[in-house]
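First comes the structure, then the notes that go with it.
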Amino acid sequence: SNDINDKRLTNEEEIQDEIRNYLLKNALSSIQLTYKDKQEIVNHLHQQGFFKKRGAISTIANSLQLTRQCIYNYLALAKIKKPYAKKGSE
């Protein structure tokens, strides 16, 4: 039962779900993510507002097996990057 209207999902679960969906949609495997993949995921989560959630940095760091410092660095890059830049338009 994956009811969108069920607000009992914790922030952590919501973020993990979003990452899982992103991986599925982009045909990525969580065990073979490159640093570029991880940067793309951080960009995506940033654009979707997930970093505003309490505990987001730790949850995302754990999910992507990165340090918190690494996430902060990726987040800084995500903020510089123009939103919704399509691949190939750079």
Side-chain angles (χ1 to χ4, degrees):
S1 63
N2 212 343
D3 186 7
I4 300 299
N5 300 319
D6 189 349
K7 288 287 181 244
R8 283 172 303 191
L9 274 186
T10 63
N11 284 348
E12 198 172 355
E13 288 166 332
E14 254 183 84
I15 290 167
Q16 286 164 347
D17 275 359
E18 186 64 28
I19 292 174
R20 246 194 315 273
N21 292 341
Y22 181 92
L23 294 177
L24 280 172
K25 209 168 60 196
N26 292 279
L28 294 168
S29 156
S30 60
I31 39 181
Q32 296 174 316
L33 291 176
T34 64
Y35 283 104
K36 189 176 187 313
D37 293 332
K38 292 178 181 187
Q39 174 71 67
E40 293 290 333
I41 292 167
V42 169
N43 288 349
H44 171 75
L45 293 170
H46 169 60
Q47 287 174 7
Q48 301 298 317
F50 281 94
F51 279 95
K52 297 189 180 84
K53 293 180 183 295
R54 187 200 286 277
I57 298 280
S58 294
T59 298
I60 294 164
N62 291 337
S63 297
L64 298 180
Q65 296 182 313
L66 292 168
T67 62
R68 291 167 54 101
Q69 188 53 54
C70 211
I71 297 294
Y72 283 116
N73 294 345
Y74 283 175
L75 186 55
L77 289 171
K79 287 175 177 168
I80 297 164
K81 195 175 153 77
K82 287 172 282 308
Y84 314 119
K86 290 273 174 287
K87 278 191 177 60
S89 67
E90 265 123 337

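All values derive from a computational prediction rather than experimental measurement.
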key: Side-chain (E13) to main-chain (T10) donor-acceptor, under 3.5 angstrom   =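 Between the backbone of T10 and the side chain of E13 there is a qualifying donor-acceptor contact (under 3.5 Å).
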Set of residues satisfying side chain to side chain contact (heavy atoms under 4.5 Å, CB included) with respect to [X], sequence neighbours excluded:
| X | answer |
| --- | --- |
| N11 | E14, K53, R54 |
| T59 | E12, I15, Q16, S63 |
| Q65 | none |
| D37 | L28, L33, T34 |

inquiry  = Going by side-chain hydrogen bond (donor to acceptor under 3.5 Å, both in side chains), name the residues that satisfy it together with N73, two or more places apart in sequence or in a different chain.
reply    =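 Only Q69 meet the side-chain hydrogen bond (donor to acceptor under 3.5 Å, both in side chains) criterion with N73.
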inquiry  = I'd like to check I41 versus L23 (side-chain heavy atoms, cut-off strictly below 4.5 Å). Are they in contact?
reply    =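 With C-beta onward as the side chain, the pair touches.
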ask   = Can you check whether L64 reaches Y74 side chain to side chain, under 4.5 Å on heavy atoms?
value =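 No, too far: nothing below the 4.5 Å cut-off.
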task = Go through the steps for I57 and L75 under the test side chain to side chain contact (heavy atoms under 4.5 Å, CB included), then give the verdict.
result = CA-CA 10 Å; I57 298 280; L75 186 55; 4.3 Å; yes
inquiry  = Would Y22 and E40 count as a side chain to side chain contact (heavy atoms under 4.5 Å, CB included) here? Give the steps.
reply    = CA-CA 10 Å; Y22 181 92; E40 293 290 333; 3.5 Å; yes
Rounded at 0.5 Å granularity, tell me how far [atom1] in [X] sits from [atom2] in [Y].
| X | Y | atom1 | atom2 | value |
| --- | --- | --- | --- | --- |
| K38 | L66 | NZ | CG | 4.5 Å |
| N21 | N26 | CG | CG | 10.5 Å |
| E18 | I60 | CD | CD1 | 10.0 Å |
| F51 | K79 | CZ | NZ | 8.5 Å |
| D17 | R20 | CG | CZ | 5.0 Å |

request  = Using salt bridge (charged side-chain N to carboxylate O under 4.0 Å, His left out) as the criterion, list what pairs up with R68, not counting sequence neighbours.
outcome  =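 With neighbours one apart ignored, the set is empty.
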query = Is there a donor-acceptor contact under 3.5 Å linking the side chains of Q39 and N43?
reply =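 Yes.
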